[in-house]
Participant: 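Pasting a structure below so you can have a look.
Counting convention: from 1, in listed order, for ligands and their atoms alike. We're numbering straight along the sequence, starting at 1.
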Amino acid sequence: SSGSAQANPEQHDIQYLTPIQIGTPPQTVNVDFDSGSSDLWVFSSETPADSIKGQAVYDPKKSKTAEEVKGASWEITYGDKSSSSGVVYRDAVTVGNITVKGQAVEAATTVSAQFTRDANNDGLFGLAFSALNTVHPKQELTWFDHAAKELDHPVWTADLKYHKAGTYDFGVINKSKYAGKISYIDVDSSNGFWMFNMSGYSVGNSTFKPAQFQGIADTGTTLALLPAQVVKDYYKAVSGAKIDYFQGGYVFPCNAKLPNFVLGVGQAKVSIPGKYVNYAPIDVAGKTCFGGIQSDDDVGFSIIGDVALKAAFVVFDATAGKPRLGWASK
Ligand SMILES: CC[C@H](C)[C@H](NC(=O)[C@H](C)NC(=O)[C@@H](CCSC)NC[C@@H](N)Cc1ccccc1)C(=O)O
(Lines give C-alpha, C1' and ligand atoms only; values in the text may rest on other atoms or scores of the structure.)
Protein backbone atom coordinates (compact mmCIF):
# COMPACT_ATOMS: atom_id res chain seq x y z
CA SER A 1 0.00 0.00 0.00
CA SER A 2 0.98 3.64 -0.28
CA GLY A 3 -0.63 6.91 0.64
CA SER A 4 -0.31 10.66 0.58
CA ALA A 5 -1.29 13.47 2.94
CA GLN A 6 -1.21 17.25 2.77
CA ALA A 7 1.43 19.40 4.48
CA ASN A 8 -0.36 22.71 5.02
CA PRO A 9 1.81 25.69 6.03
CA GLU A 10 0.94 27.93 8.94
CA GLN A 11 1.87 31.63 8.70
CA HIS A 12 5.52 32.18 7.61
CA ASP A 13 5.79 28.39 7.21
CA ILE A 14 6.39 28.23 10.98
CA GLN A 15 5.12 24.67 10.76
CA TYR A 16 3.18 22.40 8.40
CA LEU A 17 -0.01 20.74 9.63
CA THR A 18 -1.46 17.50 8.30
CA PRO A 19 -5.04 16.25 8.83
CA ILE A 20 -5.22 12.66 10.13
CA GLN A 21 -8.17 10.56 11.29
CA ILE A 22 -8.29 8.83 14.68
CA GLY A 23 -10.93 6.40 15.92
CA THR A 24 -14.32 5.05 14.80
CA PRO A 25 -16.19 7.04 13.62
CA PRO A 26 -13.12 9.03 12.46
CA GLN A 27 -12.13 12.15 14.40
CA THR A 28 -10.01 14.49 12.25
CA VAL A 29 -7.17 16.40 13.92
CA ASN A 30 -4.43 18.55 12.33
CA VAL A 31 -1.00 17.50 13.56
CA ASP A 32 2.62 18.49 13.04
CA PHE A 33 4.49 15.64 11.28
CA ASP A 34 7.77 15.70 13.16
CA SER A 35 10.82 13.71 12.04
CA GLY A 36 12.58 15.06 15.15
CA SER A 37 10.50 13.13 17.70
CA SER A 38 8.66 9.80 18.04
CA ASP A 39 5.47 10.37 20.01
CA LEU A 40 2.02 10.70 18.42
CA TRP A 41 0.27 12.91 20.93
CA VAL A 42 -2.90 14.97 20.64
CA PHE A 43 -4.97 17.46 22.57
CA SER A 44 -7.72 15.34 24.10
CA SER A 45 -10.90 15.28 26.15
CA GLU A 46 -8.50 14.85 29.07
CA THR A 47 -6.61 18.10 28.41
CA PRO A 48 -7.65 20.74 30.96
CA ALA A 49 -10.09 23.23 29.40
CA ASP A 50 -7.89 26.20 30.31
CA SER A 51 -5.03 24.62 28.30
CA ILE A 52 -7.14 24.46 25.13
CA LYS A 53 -7.43 27.58 22.95
CA GLY A 54 -9.13 26.48 19.76
CA GLN A 55 -7.43 23.16 19.14
CA ALA A 56 -9.51 20.15 18.00
CA VAL A 57 -9.40 17.33 20.55
CA TYR A 58 -9.44 13.54 20.35
CA ASP A 59 -12.11 12.02 22.59
CA PRO A 60 -11.52 8.27 23.06
CA LYS A 61 -14.97 7.94 24.69
CA LYS A 62 -16.48 8.71 21.27
CA SER A 63 -14.45 6.04 19.51
CA LYS A 64 -15.75 2.46 19.38
CA THR A 65 -12.20 1.20 18.64
CA ALA A 66 -10.38 3.08 21.45
CA GLU A 67 -8.87 1.02 24.25
CA GLU A 68 -6.98 2.50 27.18
CA VAL A 69 -3.41 1.21 27.60
CA LYS A 70 -3.66 0.57 31.32
CA GLY A 71 -0.85 1.96 33.44
CA ALA A 72 0.88 3.61 30.49
CA SER A 73 1.94 7.26 30.48
CA TRP A 74 4.25 9.58 28.54
CA GLU A 75 5.99 12.89 28.91
CA ILE A 76 8.12 14.74 26.39
CA THR A 77 10.28 17.85 26.29
CA TYR A 78 11.43 19.56 23.08
CA GLY A 79 14.50 21.59 22.20
CA ASP A 80 12.54 24.83 22.51
CA LYS A 81 11.67 23.85 26.12
CA SER A 82 8.04 23.15 25.22
CA SER A 83 6.57 19.98 26.71
CA SER A 84 3.50 17.81 27.14
CA SER A 85 2.49 14.63 28.96
CA GLY A 86 -0.47 12.30 29.43
CA VAL A 87 -2.04 8.86 29.11
CA VAL A 88 -2.23 6.36 26.25
CA TYR A 89 -5.00 4.79 24.16
CA ARG A 90 -4.79 2.36 21.29
CA ASP A 91 -6.93 3.29 18.30
CA ALA A 92 -7.13 3.25 14.49
CA VAL A 93 -5.08 6.07 12.90
CA THR A 94 -5.47 6.89 9.20
CA VAL A 95 -3.00 8.99 7.15
CA GLY A 96 -4.03 9.47 3.52
CA ASN A 97 -5.71 6.14 2.86
CA ILE A 98 -3.48 4.05 5.12
CA THR A 99 -4.99 2.88 8.42
CA VAL A 100 -2.97 1.45 11.28
CA LYS A 101 -5.11 -0.36 13.85
CA GLY A 102 -3.96 -0.37 17.47
CA GLN A 103 -1.69 2.67 17.13
CA ALA A 104 -0.66 4.21 20.46
CA VAL A 105 -2.44 7.58 20.56
CA GLU A 106 -1.00 9.65 23.39
CA ALA A 107 -3.75 11.79 24.93
CA ALA A 108 -2.37 14.94 26.56
CA THR A 109 -3.32 15.68 30.15
CA THR A 110 -0.79 18.54 30.27
CA VAL A 111 0.56 20.81 27.50
CA SER A 112 2.98 23.73 27.92
CA ALA A 113 1.96 27.30 27.08
CA GLN A 114 3.61 27.24 23.63
CA PHE A 115 1.23 24.45 22.57
CA THR A 116 -1.82 26.12 24.10
CA ARG A 117 -0.97 29.33 22.18
CA ASP A 118 -0.69 27.42 18.90
CA ALA A 119 -4.44 27.26 18.16
CA ASN A 120 -4.28 25.30 14.88
CA ASN A 121 -1.87 22.63 16.08
CA ASP A 122 -3.78 19.69 17.59
CA GLY A 123 -0.69 17.61 18.36
CA LEU A 124 2.52 16.04 17.09
CA PHE A 125 2.99 13.00 14.86
CA GLY A 126 6.42 11.56 15.56
CA LEU A 127 8.40 10.23 12.57
CA ALA A 128 11.85 9.80 14.15
CA PHE A 129 12.94 6.31 15.21
CA SER A 130 10.73 4.50 17.75
CA ALA A 131 13.67 4.32 20.18
CA LEU A 132 12.83 7.94 21.07
CA ASN A 133 9.20 7.18 22.00
CA THR A 134 8.54 8.24 25.61
CA VAL A 135 5.65 5.89 26.52
CA HIS A 136 6.40 3.85 29.63
CA PRO A 137 6.56 1.27 31.15
CA LYS A 138 6.33 -0.27 27.64
CA GLN A 139 7.66 1.91 24.77
CA GLU A 140 5.38 2.20 21.71
CA LEU A 141 6.11 2.20 17.96
CA THR A 142 5.54 5.19 15.70
CA TRP A 143 2.69 5.08 13.19
CA PHE A 144 5.25 4.73 10.39
CA ASP A 145 6.92 1.70 12.03
CA HIS A 146 3.49 0.00 12.24
CA ALA A 147 2.55 1.03 8.69
CA ALA A 148 5.93 0.05 7.19
CA LYS A 149 4.99 -3.64 7.41
CA GLU A 150 2.16 -3.02 4.91
CA LEU A 151 3.88 -0.40 2.75
CA ASP A 152 5.24 -1.36 -0.67
CA HIS A 153 8.58 0.12 0.51
CA PRO A 154 9.61 1.15 4.07
CA VAL A 155 9.95 4.79 3.03
CA TRP A 156 8.19 8.09 3.40
CA THR A 157 8.93 11.34 1.59
CA ALA A 158 8.60 15.03 2.43
CA ASP A 159 7.80 17.55 -0.31
CA LEU A 160 7.40 20.73 1.74
CA LYS A 161 6.91 24.02 -0.14
CA TYR A 162 7.51 27.73 0.36
CA HIS A 163 4.26 29.37 1.51
CA LYS A 164 2.05 26.71 -0.06
CA ALA A 165 0.80 23.20 0.58
CA GLY A 166 3.13 20.26 0.00
CA THR A 167 2.75 16.53 0.65
CA TYR A 168 4.00 13.66 2.75
CA ASP A 169 3.90 10.33 0.90
CA PHE A 170 4.16 6.89 2.48
CA GLY A 171 5.38 3.70 0.79
CA VAL A 172 6.09 5.32 -2.55
CA ILE A 173 8.67 7.62 -4.16
CA ASN A 174 6.63 9.75 -6.55
CA LYS A 175 8.78 10.59 -9.58
CA SER A 176 6.59 13.53 -10.54
CA LYS A 177 7.63 15.36 -7.36
CA TYR A 178 11.34 15.79 -8.07
CA ALA A 179 13.81 16.49 -10.85
CA GLY A 180 17.05 14.69 -11.67
CA LYS A 181 18.50 11.97 -9.48
CA ILE A 182 17.91 11.23 -5.82
CA SER A 183 21.23 11.21 -4.01
CA TYR A 184 21.31 9.05 -0.86
CA ILE A 185 23.37 9.46 2.28
CA ASP A 186 23.69 7.08 5.22
CA VAL A 187 21.79 7.86 8.41
CA ASP A 188 23.15 7.31 11.92
CA SER A 189 19.97 6.46 13.86
CA SER A 190 21.84 5.55 17.06
CA ASN A 191 20.33 8.46 18.97
CA GLY A 192 16.90 8.07 17.42
CA PHE A 193 17.15 10.91 14.90
CA TRP A 194 17.55 10.98 11.11
CA MET A 195 21.15 12.12 11.57
CA PHE A 196 23.55 12.55 8.65
CA ASN A 197 26.80 14.29 7.68
CA MET A 198 27.07 17.48 5.72
CA SER A 199 30.11 17.98 3.47
CA GLY A 200 30.22 21.77 3.23
CA TYR A 201 28.36 24.85 2.06
CA SER A 202 28.49 27.90 -0.17
CA VAL A 203 27.02 31.37 0.16
CA GLY A 204 25.75 33.09 -3.00
CA ASN A 205 28.22 32.62 -5.86
CA SER A 206 31.19 31.95 -3.56
CA THR A 207 33.18 28.76 -4.01
CA PHE A 208 31.99 25.69 -2.10
CA LYS A 209 33.65 25.46 1.34
CA PRO A 210 34.28 21.87 2.50
CA ALA A 211 33.18 21.45 6.13
CA GLN A 212 32.27 18.30 8.04
CA PHE A 213 29.27 18.66 10.33
CA GLN A 214 26.37 16.47 11.44
CA GLY A 215 22.71 17.36 11.42
CA ILE A 216 19.27 15.87 11.86
CA ALA A 217 16.48 16.19 9.31
CA ASP A 218 13.72 17.70 11.43
CA THR A 219 10.39 18.47 9.71
CA GLY A 220 9.11 19.75 13.08
CA THR A 221 11.70 22.54 13.36
CA THR A 222 11.00 25.74 11.47
CA LEU A 223 14.47 27.06 10.75
CA ALA A 224 17.83 25.74 9.57
CA LEU A 225 20.09 25.73 12.65
CA LEU A 226 23.73 25.42 11.53
CA PRO A 227 27.22 25.77 13.04
CA ALA A 228 27.89 29.33 14.25
CA GLN A 229 30.80 29.87 11.83
CA VAL A 230 28.72 28.82 8.82
CA VAL A 231 25.93 31.17 9.89
CA LYS A 232 28.40 34.02 10.42
CA ASP A 233 29.73 33.47 6.87
CA TYR A 234 26.21 33.63 5.49
CA TYR A 235 25.22 36.89 7.16
CA LYS A 236 28.56 38.51 6.24
CA ALA A 237 27.01 38.62 2.77
CA VAL A 238 23.82 40.36 3.97
CA SER A 239 24.13 44.14 4.34
CA GLY A 240 22.70 45.38 7.60
CA ALA A 241 22.59 41.90 9.16
CA LYS A 242 23.39 41.73 12.87
CA ILE A 243 22.74 39.57 15.89
CA ASP A 244 19.78 40.83 17.91
CA TYR A 245 20.25 39.28 21.33
CA PHE A 246 16.69 40.16 22.34
CA GLN A 247 15.28 38.28 19.34
CA GLY A 248 17.85 35.51 19.84
CA GLY A 249 19.50 35.50 16.44
CA TYR A 250 20.46 37.28 13.22
CA VAL A 251 18.13 39.97 11.90
CA PHE A 252 18.43 42.17 8.81
CA PRO A 253 16.47 44.87 6.95
CA CYS A 254 13.42 43.20 5.37
CA ASN A 255 14.42 44.60 1.95
CA ALA A 256 17.94 43.13 2.16
CA LYS A 257 19.14 41.11 -0.83
CA LEU A 258 19.59 37.59 0.52
CA PRO A 259 22.10 35.29 -1.19
CA ASN A 260 21.21 31.68 -1.94
CA PHE A 261 22.71 29.10 0.43
CA VAL A 262 23.95 25.71 -0.73
CA LEU A 263 24.32 22.76 1.66
CA GLY A 264 26.48 19.84 0.60
CA VAL A 265 24.87 16.51 1.52
CA GLY A 266 26.87 13.57 0.17
CA GLN A 267 26.94 13.98 -3.61
CA ALA A 268 23.93 16.29 -3.46
CA LYS A 269 23.81 20.08 -3.26
CA VAL A 270 20.70 21.43 -1.56
CA SER A 271 20.23 24.96 -2.88
CA ILE A 272 18.14 27.16 -0.58
CA PRO A 273 16.87 30.28 -2.39
CA GLY A 274 17.71 33.51 -0.56
CA LYS A 275 14.03 34.37 -0.18
CA TYR A 276 13.52 31.27 1.98
CA VAL A 277 15.99 32.81 4.45
CA ASN A 278 13.72 35.79 5.03
CA TYR A 279 11.73 34.06 7.73
CA ALA A 280 9.44 36.77 9.12
CA PRO A 281 9.30 40.43 10.24
CA ILE A 282 10.01 41.00 13.91
CA ASP A 283 8.19 44.34 13.93
CA VAL A 284 4.73 45.42 12.83
CA ALA A 285 6.31 48.02 10.51
CA GLY A 286 7.91 45.10 8.64
CA LYS A 287 11.26 46.87 8.60
CA THR A 288 13.43 44.28 10.37
CA CYS A 289 13.26 40.56 9.56
CA PHE A 290 14.44 37.45 11.40
CA GLY A 291 16.73 35.05 9.55
CA GLY A 292 15.68 31.53 8.54
CA ILE A 293 19.28 30.36 9.02
CA GLN A 294 20.44 30.60 12.64
CA SER A 295 23.11 29.07 14.86
CA ASP A 296 22.65 25.55 16.20
CA ASP A 297 23.89 26.98 19.53
CA ASP A 298 26.02 24.04 20.61
CA VAL A 299 23.03 21.63 20.52
CA GLY A 300 25.89 19.37 19.49
CA PHE A 301 24.63 18.96 15.94
CA SER A 302 22.77 21.00 13.33
CA ILE A 303 19.02 20.89 12.93
CA ILE A 304 18.00 20.86 9.27
CA GLY A 305 14.47 22.21 9.63
CA ASP A 306 11.81 23.36 7.20
CA VAL A 307 13.74 26.34 5.74
CA ALA A 308 16.16 23.81 4.24
CA LEU A 309 13.85 20.82 3.76
CA LYS A 310 11.36 22.80 1.65
CA ALA A 311 14.16 23.38 -0.90
CA ALA A 312 14.34 19.65 -1.65
CA PHE A 313 12.40 16.45 -2.14
CA VAL A 314 13.51 14.30 0.80
CA VAL A 315 13.25 10.51 1.09
CA PHE A 316 13.24 9.05 4.61
CA ASP A 317 14.27 5.46 3.83
CA ALA A 318 13.97 3.14 6.84
CA THR A 319 15.22 0.00 5.09
CA ALA A 320 16.03 -2.33 8.00
CA GLY A 321 19.60 -1.97 9.23
CA LYS A 322 20.44 0.60 6.57
CA PRO A 323 18.46 3.80 7.10
CA ARG A 324 19.22 6.49 4.51
CA LEU A 325 18.12 9.98 3.49
CA GLY A 326 17.56 10.73 -0.19
CA TRP A 327 17.86 14.30 -1.50
CA ALA A 328 16.63 15.53 -4.85
CA SER A 329 16.03 18.91 -6.43
CA LYS A 330 12.52 19.81 -7.55
C1 LIG B 1 15.44 19.57 25.63
C2 LIG B 1 14.88 18.20 25.22
C3 LIG B 1 15.84 17.52 24.25
C4 LIG B 1 15.94 18.38 23.03
C5 LIG B 1 15.34 16.11 23.89
N6 LIG B 1 14.08 16.20 23.16
C7 LIG B 1 14.12 15.97 21.83
O8 LIG B 1 15.14 15.77 21.19
C9 LIG B 1 12.76 15.96 21.12
C10 LIG B 1 12.28 14.53 20.98
N11 LIG B 1 12.95 16.55 19.79
C12 LIG B 1 13.14 17.91 19.66
O13 LIG B 1 13.10 18.64 20.61
C14 LIG B 1 13.42 18.51 18.28
C15 LIG B 1 14.82 18.10 17.92
C16 LIG B 1 15.79 18.78 18.82
S17 LIG B 1 17.38 18.12 18.67
C18 LIG B 1 18.10 18.45 20.22
N19 LIG B 1 12.55 18.11 17.20
C20 LIG B 1 11.20 18.09 17.48
C21 LIG B 1 10.61 19.47 17.69
N22 LIG B 1 10.88 20.36 16.57
C23 LIG B 1 9.14 19.25 17.89
C24 LIG B 1 8.36 20.47 18.12
C25 LIG B 1 7.43 20.87 17.16
C26 LIG B 1 6.65 21.99 17.37
C27 LIG B 1 6.79 22.73 18.55
C28 LIG B 1 7.73 22.34 19.51
C29 LIG B 1 8.51 21.20 19.29
C30 LIG B 1 15.14 15.33 25.18
O31 LIG B 1 13.98 14.89 25.39
O32 LIG B 1 16.14 15.12 25.85
Participant: If you count the atoms of ligand 1 from 1 in the order shown, which ones are under 4.0 Å from a heavy atom of S82?
Facilitator: 28 (C), 29 (C)
Participant: Looking only at protein heavy atoms, identify the closest one to atom 11 (N) of ligand 1 and say how far it is in Å.
Facilitator: G36 O, 2.9 Å
Participant: Could you tell me whether G79 and ligand 1 have an N or O pair separated by under 3.5 Å?
Facilitator: yes
Participant: When you measure from atom 8 (O) of ligand 1 to every protein heavy atom, which one gives the shortest distance, and what is it?
Facilitator: F193 CZ, 3.3 Å
Participant: Can you find an N or O of Y78 that's nearer than 3.5 Å to an N or O of ligand 1?
Facilitator: no
Participant: In the protein, which heavy atom is nearest to atom 26 (C) of ligand 1, and how far is it?
Facilitator: D32 OD2, 3.6 Å
Participant: Mark up the atoms of ligand 1 that fall under 4.0 Å of a heavy atom belonging to F301, in ascending order.
Facilitator: 17 (S), 18 (C)
Participant: Could you tell me which atoms of ligand 1, counted from 1 in the order shown, lie closer than 4.0 angstrom to a heavy atom of L124?
Facilitator: 23 (C), 24 (C), 25 (C)
Participant: Give me the residue, atom name and distance of the protein heavy atom closest to atom 31 (O) of ligand 1.
Facilitator: T77 O, 3.4 Å
Participant: Among all the protein's non-hydrogen atoms, which is closest to atom 19 (N) of ligand 1, and how far away is it?
Facilitator: D218 OD2, 2.7 Å
Participant: When you measure from the centre of the six-membered ring of Y250, is the NZ or CZ of K242 under 6.0 Å away and within 45° of the axis?
Facilitator: no
Participant: Heavy atoms only, cut-off 4.0 Å: how does V299 contact ligand 1, side chain, backbone, both, or neither?
Facilitator: side chain
Participant: Would you confirm whether Y234, through its side chain, and P259, through its main-chain N or O, come within 3.5 Å as a donor-acceptor pair?
Facilitator: yes
Participant: When you compare ligand 1 with I76, is there at least one nitrogen or oxygen pair between them that comes in under 3.5 angstrom?
Facilitator: no
Participant: With side chain to side chain donor-acceptor pair (under 3.5 Å) as the test, would you mind laying out the steps for S302 and D296 before giving the verdict?
Facilitator: CA-CA 5 Å; S302 294; D296 58 17; 2.9 Å; yes
Participant: Less than 4.0 Å between a side-chain N and a carboxylate O, is that true for K322 and D317?
Facilitator: no
Participant: Side chain, backbone, both or neither: which part of L132 comes within less than 4.0 Å of ligand 1 when only heavy atoms are counted?
Facilitator: neither
Participant: So, the side chain of D39 versus the backbone of T134: is there a donor-acceptor pair under 3.5 Å, distance only?
Facilitator: yes
Participant: What protein heavy atom sits nearest atom 16 (C) of ligand 1, and how far off is it?
Facilitator: I303 CD1, 4.0 Å
Participant: Please check if the number of heavy atoms outside E150 that lie under 6.0 Å from its CD is greater than 12.
Facilitator: no
Participant: Considering only protein heavy atoms, which is closest to atom 25 (C) of ligand 1, and at what distance to one decimal place?
Facilitator: G220 O, 3.4 Å
Participant: Would W143 and F170 count as a close aromatic pair, with their ring centres under 6.0 Å?
Facilitator: yes
Participant: Sorted by first residue and then second, give each side chain to side chain donor-acceptor pair (under 3.5 Å) pair with at least one member in residues 89-99; sequence neighbours left out.
Facilitator: E46-Y89, Y58-D91, S63-D91, T65-D91, R90-E140, T94-T99
Participant: Could you go step by step and tell me if I173 and H153 meet the side-chain contact (heavy atoms from CB on, under 4.5 Å) rule?
Facilitator: CA-CA 9 Å; I173 295 175; H153 304 282; over 6 Å; no
Participant: Taking 4.0 Å as the limit for heavy-atom contacts, which would you say applies to D80 with ligand 1: side chain only, backbone only, both, or neither?
Facilitator: side chain
Participant: Specify the protein heavy atom at minimum distance from atom 20 (C) of ligand 1: its residue, its atom name, and the distance to 0.1 Å.
Facilitator: D34 OD2, 3.0 Å
Participant: Nearest 0.5 Å, what's the CE-CG distance between M195 and D186?
Facilitator: 14.0 Å
Participant: Sub-3.5 Å donor-acceptor pair from the side chain of Q139 to the main-chain atoms of A131, do we have one?
Facilitator: yes
